[in-house]
Amino acid sequence: MSYSFKEIEEKWQCYWQEKQIFKASHAPEKKKFYCLEMFPYPSGKIHMGHVRNYTIGDVYSRYKWLEGYSVLHPMGFDAFGQPAENAAIKNNTKPDSWTHKCIDWMKIELEKMGFSYDWERELSTCDSTYYRWNQWIFLKMYERGLAYQKASSVNWCPSCQTTLANEEVIDGECWRCHNPVQQKELEQWFLKITDYKERLLDDLNRLQHWPERVIAMQKNWIGKSQGVEIYFRLKENDTVITVFTTRADTIFGATYVVLAPEHPLVKELIKGKPQEKDVLDFIDKVSKESKIARVKEDVKKEGLFTGTFCVNPVNNEVIPIWIADYVLMEYGTGAIMAVPTHDQRDFLFAKEHHLPMRIVIKSPSHQVTKSPDEMTGAYAGDGLQVNSGEFNGLPNQEAKTKIAQWMQDKGMGKIVTHWRLRDWLISRQRYWGTPIPMIYCKACGVVGVPYKDLPVVLPADAPFTGEGGSPLGKVESFVNVACPQCDAPARRETDTMATFFDSSWYFLRFCSPKDDSAPFNTQEARYWMPVDQYIGGIEHAILHLLYSRFFTKFFRDLGMVDFPSAADNCSGHDEPFRCLLTQGMVLKDGEVMSKSKGNIVDPDSIIQKYGADSLRLFILFAAPPETELEWDDRGIEGAFKFLNRVWRIQENLKDTPEPHLIRILHKTIKKVSDDVAAFKFNTAIASLMELVNAIYQLGADKEVFSKLVLMLSPFMPHFAEELWQILGNEESIFKSQWPLHDPTLLVEAMVTMVVQVNGKVRFKIEVASDIDEEKLKKRVLSDEKLIPWLQGKQVKNIIVVPSKLVSIVV
RNA sequence: GGGCAAGUGGUGGAAUGGCAUACACGACAGACUUAAAAUCUGUUGGCUGUAAGGUCGUGAGGGUUCGACUCCCUCCUUGCCCACCA
């Protein structure tokens with residue numbers, strides 16, 4: 001007979017809802033805890049990744065409830081986005097009704113898992129009560145010059161018929177459909193995230209509870225690099241080409257200069273030169289190339305001589321100017337000095353086009369400096385300066401700063417910092433998103449929609465066919481509007497916002513989701529924020545987390561947030577997420593579960609067969625939260641067996657306590673408390689299993705069993721509630737308290753110590769735990785088991801590790 | 001090319017300087033049963049030995065240490081992220 005999980009789970013899910021057990025309440029006298037999991041895109045079905053993500057958060061929230069915290073654990077839906085449009089086209093429905101159907105369905109599935117959400121705070125980003133605040137935020141940014149329009153060459157996905165942010169281009173392909181991305185000139189809206197680059201970089205140091213690799217990824221993405229801009233004057237006139245380098249130590253080895261094909265000076269340089277036509281043809285060819293082709297590693301570096309020369313300012317050497325596709329206009333100044341001996345790309349290019357080379361850094365491992373002709377590749381390592389004028393003999397790292405300073409002093413260059421971070425392109429030529437609240441008037445120009453007119457509601461009908469252009473542009477009633485300033489006929493912006501905008505501040509909205517006077521209530525945010533624990537996938541390590549940090553800092557500049565510094569003073573006033581946990585993926589047969597691979601395990605079918613508690617237990621026990629998890633059908637059965645094993649204890653409770661079991665219980669309480677607090681759920685469950693095994697040996701009384709049930713409750717909440725009730729309790733187990741261990745019960749009178757000889761374990765002894773060191777040494781040396789190991793040898797040293805081991809060196 | 005993880009039994013994993021393989025799965029054996037399932041109780045790294053025991057063993061090689069899965073160096077493999085970034 002197994003326990004009837006179906007009835008039990010339904011019963012308690014209803015109970016939690018009706019009694020509002022997990023309703024968050026602003027209780028200033030209590031310590032608060034805001035636990036948040038990344039909200040899902042409502043695709044219609046939850047997958048194992050969701051189950052894992054949300055189970056981890058649920059265990060932690062319930063544990064915090066039991067610890068007496070005032071807990072906020074909300075859930076919502078990231079409901080705008082392209083899949084809804086595609087699904088609507090496919091199923092001949094509307095994105096709106098499709099999305100809402102999906103939300104309803106997913107909510108049922110989430111409820112079936114028994115997650116402890118405060119559903120009264122549920123939000124969907126596609127509701128105008130939410131996205132009106134996107135528009136509000138956008139207008140605030142516009143007022144402050146942080147939202148601006150720019151005609152620019154943008155990444156265009158011909159398949160999705162939309163522009164993409166740099167962040168959405170992966171290996172030159174669209175992140176969603178994986179088709180090659182092209183370049184296209186369009187007037188687009190950008191957010192000036194680069195204004196916040198220093199703060200976004202510096203404050204990473206305050207995020208002590210974030211995984212190191214996420215910090216590293218963000219640093220990398222922001223990409224601060226110190227270097228020098230060097231001025232190369234043309235040989236024939238006073239025009240100056242500015243190049244950027246991080247290797248000022250190699251300046252004496254610069255034997256030519258290379259410009260990006262798009263560099264604005266190129267056309268001027270080649271005017272009237274014999275090379276003019278060839279160069280123009282080359283530029284034309286490169287501009288048509290998609291980024292993917294240009295960036296491919298194995299493609300030969302192509303380039304041409306411009307027919308022009310310039311002067312290296314440090315040695316007045318006249319060197320040729322080339323253009324090449326391996327120099328990018330987007331980075332640095334779009335121009336480089338080429339040092340073929342010490343940069344591999346320059347080396348390959350120089351070999352290909354027979355350009356001169358000169359060694360300026362001598363590798364310490366080579367006794368004889370090779371001539372450039374003998375080199376098979378660039379030497380990028382450290383060494384001593386040679387052929388570098390007054391800097392000869394210096395270690396290159398030292399020379400790097402000295403040369404930079406010297407060039408700046410002589411007016412040959414300037415010490416500068418370059419950043420990789422670009423402004424954030426948010427315009428999308430799509431229907432299912434937040435309309436950008438701007439109006440174009442012939443007389444007044446670009447005008448923001450007045451705050452009182454928000455929201456700009458997304459019209460219910462739009463001809464989105466996926467055939468290009470902004471669907472909203474085809475809805476006359478939407479487009480035509482009176483100018484808010486002069487009342488003349490004007491036109492609305494027809495692009496919508498990238499959905500990353502929606503998710504950049506939802507954690508603030510959860511603090512006061514019904515507020516209709518502001519995006520969020522400052523007092524509520526002051527109480528709940530920052531999010532104490534954020535949990536989600538590593539795939540959001542850069543974009544979502546960076547944007548959220550940017551928005552939060554912007555809100556602080558508006559005076560809308562100023563979080564009390566966290567107790568451990570590690571996140572500060574405008575960092576939204578104090579602790580971050582990135583959970584590992586769920587794999588099947590070593591591969592990510594996906595439709596195309598056909599290896600999906602549907603959570604719902606598992607719930608049907610074993611119940612949500614077994615599913616939760618398996619997923620928590622099979623691996624630590626951060627690592628990958630291999631799905632195992634037999635593992636879920638093991639979890640189910642364990643629940644039944646616990647269930648049977650209740651049928652055989654003893655009346656009298658077992659002293660030895662009490663000790664084991666208190667050890668378990670300590671271990672489980674420490675482990676849960678540190679997200680080591682797998683080992684917490686392992687020690688609970690050990691306790692259950694001990695109960696099977698010794699027999700438990702009601703007291704011990706109650707504590708066991710309490711400790712099991714975050715992992716398998718329905719099951720624990722039912723047993724809690726059977727034990728005679730009237731209130732929910734989550735209104736109870738997490739057990740505390742009694743330290744005096746952890747101290748044993750006798751301990752087993754290991755005796756090592758020369759580092760090898762030879763035998764074990766039982767001694768009183770408070771034995772002093774001298775007595776212990778005597779006890780060990782007089783042990784007859786030691787005799788064979790000491791024969792013919794002298795004891796050199798004895799090391800004692802209290803309560804653990806005695807190590808004898810002979 | 002750069003950065004960050006990880007590599008332990010048949011399997012998932014445990015141990016972060018002190019008894020390697022906790023806990024679980026699987027396998028094997030026993031009890032119960034007419035039988036099976038379920039359940040309960042054992043055994044379960046390799047080699048060697050009747051046994052007690054011995055010996056080897058945490059991707060490879062070296063180092064530090066009385067003692068290393070753990071710390072340091074070199075290398076290999078796998079995964080993730082970034083990348084013609086000057």
Side-chain angles (χ1 to χ4, degrees), chain A residues 1-2 170-171 211-221 223 225 227-228 230 243-247 250 254 258 260 294-299 301 324-328 330-339 342-346 348-349 380 418-420 538-539 541-542 582 584-585 587 590 617-618 621-624 626-639 641-642 644-645 648 680 682-693 696-697 752-764 788 796-810:
Chain A
M1 270 286 285
S2 57
I170 294 147
D171 285 337
E212 238 179 88
R213 67 172 173 150
V214 175
I215 304 264
M217 282 159 79
Q218 293 227 345
K219 274 191 181 158
N220 207 334
W221 190 261
S225 77
V228 186
I230 302 174
V243 308
F244 174 68
T245 183
T246 55
R247 293 292 307 272
T250 63
V258 192
R294 195 166 157 185
V295 160
K296 271 246 169 85
E297 245 175 70
D298 44 348
V299 168
K301 301 185 188 330
D325 57 0
Y326 77 95
V327 176
L328 307 174
E330 302 93 79
Y331 188 78
T333 58
I336 63 157
M337 61 176 202
V339 185
H342 304 294
D343 181 288
Q344 185 62 17
R345 290 155 302 171
D346 296 344
L348 292 175
F349 191 79
H418 271 279
W419 302 76
R420 216 192 70 107
I538 188 72
E539 66 273 20
I542 300 177
T582 50
M585 286 187 287
L587 310 179
L617 181 65
F618 165 70
F621 179 60
E626 297 92 336
T627 60
E628 288 176 339
L629 185 149
E630 175 71 29
W631 180 264
D632 180 5
D633 288 324
R634 287 181 301 214
I636 181 84
E637 259 180 86
K641 274 197 224 168
F642 176 69
N644 281 295
R645 196 166 149 86
R648 281 190 296 273
K680 292 173 167 181
N682 56 333
T683 51
I685 292 166
S687 50
L688 287 164
M689 285 172 168
E690 284 181 80
L691 177 60
V692 169
N693 291 343
Y696 267 76
Q697 299 284 335
T752 307
M753 292 184 72
V754 170
V755 179
Q756 291 184 343
V757 180
N758 280 350
K760 292 212 158 124
V761 178
R762 291 309 174 185
F763 59 95
K764 291 166 190 180
K796 274 199 212 153
N797 196 8
I798 302 178
I799 295 146
V800 175
V801 182
S803 301
K804 276 191 178 155
L805 66 82
V806 180
S807 183
I808 300 165
V809 189
V810 296

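Letters A, B, ... mirror the listed sequences (proteins, then strands); counts begin at 1.
- A:P624 comes within contact range of the sugar-phosphate backbone alone, with a heavy-atom separation under 4.0 Å but no base atom that close.
- Using Watson-Crick or G-U wobble geometry with both donor-acceptor distances under 3.5 Å, B:G79 finds its partner in B:C4.
- Base pairing of B:G61: its partner is B:C73, meeting the Watson-Crick or G-U wobble criterion (both donor-acceptor distances under 3.5 Å).
- Heavy atoms of A:E628 sit under 4.0 angstrom from primed sugar atoms or phosphate atoms, though from no base atom.
- Taking the side chain of A:E212 as heavy atoms from C-beta on, and the options B:A86, B:U39, B:C4, the nearest nucleotide is B:C4.
- Across every strand in view, B:U44 sits in a pair with B:G26 that passes the Watson-Crick or G-U test at under 3.5 angstrom.
- Between A:N220 and B:C85 there is no side-chain polar atom (N or O) within less than 4.0 angstrom of OP1 or OP2.
- Among the heavy atoms of the strands lying under 4.0 Å from A:R420 is at least one base atom, whether or not backbone atoms are also near.
- Between A:R213 and the phosphate of B:C82, there is no side-chain N or O to OP1/OP2 separation shorter than 4.0 Å.
- Within 4.0 Å of A:Q697, counting heavy atoms only, lie sugar-phosphate atoms of the nucleic acid but no base atom.
- Across all strands, A:F642 comes closer than 4.0 Å to no nucleic acid atom at all (heavy-atom distances).
- Using a distance-only test at 3.5 Å, with no hydrogens or angles considered, a donor-acceptor pair links the side chain of A:R420 to the main chain of A:W221.
- Counting any heavy atom pair closer than 4.0 Å across all strands shown, A:D346 reaches no nucleic acid atom.
- Across all strands shown, B:U21 forms no Watson-Crick or G-U wobble pair with both key distances under 3.5 Å.
- Under the Watson-Crick or G-U wobble criterion, with both distances below 3.5 Å, B:G49 is left unpaired in every strand shown.
- A glycosidic torsion no more than 90° from 0 defines the syn conformation; B:G7 lies beyond that range and is anti.
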Taking only nitrogen or oxygen atoms into account, show me every contact under 3.5 Å that the protein makes with nucleotides 15-22 of chain B, one pair per line with its distance.
from, atom 1, to, atom 2, distance (Å)
B:G18, N2, A:Q756, OE1, 3.0
B:C19, O2, A:K764, NZ, 2.5

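- Within the shown strands, nothing qualifies as a pairing partner of B:A35 under the Watson-Crick or G-U definition with both distances less than 3.5 Å.
- The phosphate of B:C85 (OP1 or OP2) has a side-chain N or O of A:R345 nearer than 4.0 angstrom.
- Where A:D632 and A:R247 each meet RNA chain B at their nearest nucleotide, the meeting point lying more 5' is that of A:D632.
- Distance check on atom C1': B:G67 versus B:A15 gives 16 Å, rounded to whole Å.
- Taking the C1' atom of each, B:G59 and B:A22 are spaced 23 Å apart, rounded to whole Å.
- Distances were taken from every side-chain heavy atom of A:D325 (C-beta onward) to each of B:A24, B:C4, B:C84; the shortest belongs to B:C84.
- In this structure, CG in A:L328 is found 10.0 Å from CD1 in A:I336, a value given to the nearest 0.5 Å.
- If you measure from atom CD of A:Q218 to atom P of B:G2, you get 23 Å, rounded to the nearest angstrom.
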For nucleotides 55-58 of chain B, list the nitrogen or oxygen atoms of the protein found under 3.5 Å from its nitrogen or oxygen atoms, one pair per line.
from, atom 1, to, atom 2, distance (Å)
B:U55, OP2, A:R762, NH1, 3.0

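- B:G67 atom P lies 10 Å from atom NZ of A:K796, rounded to whole Å.
- Judged by the 6.0 Å and 45° rule, A:R645 forms a cation-pi pair with A:Y696.
- Residues A:V806 and A:M753 are in side-chain contact: their nearest non-hydrogen atoms beyond the backbone lie under 4.5 Å apart.
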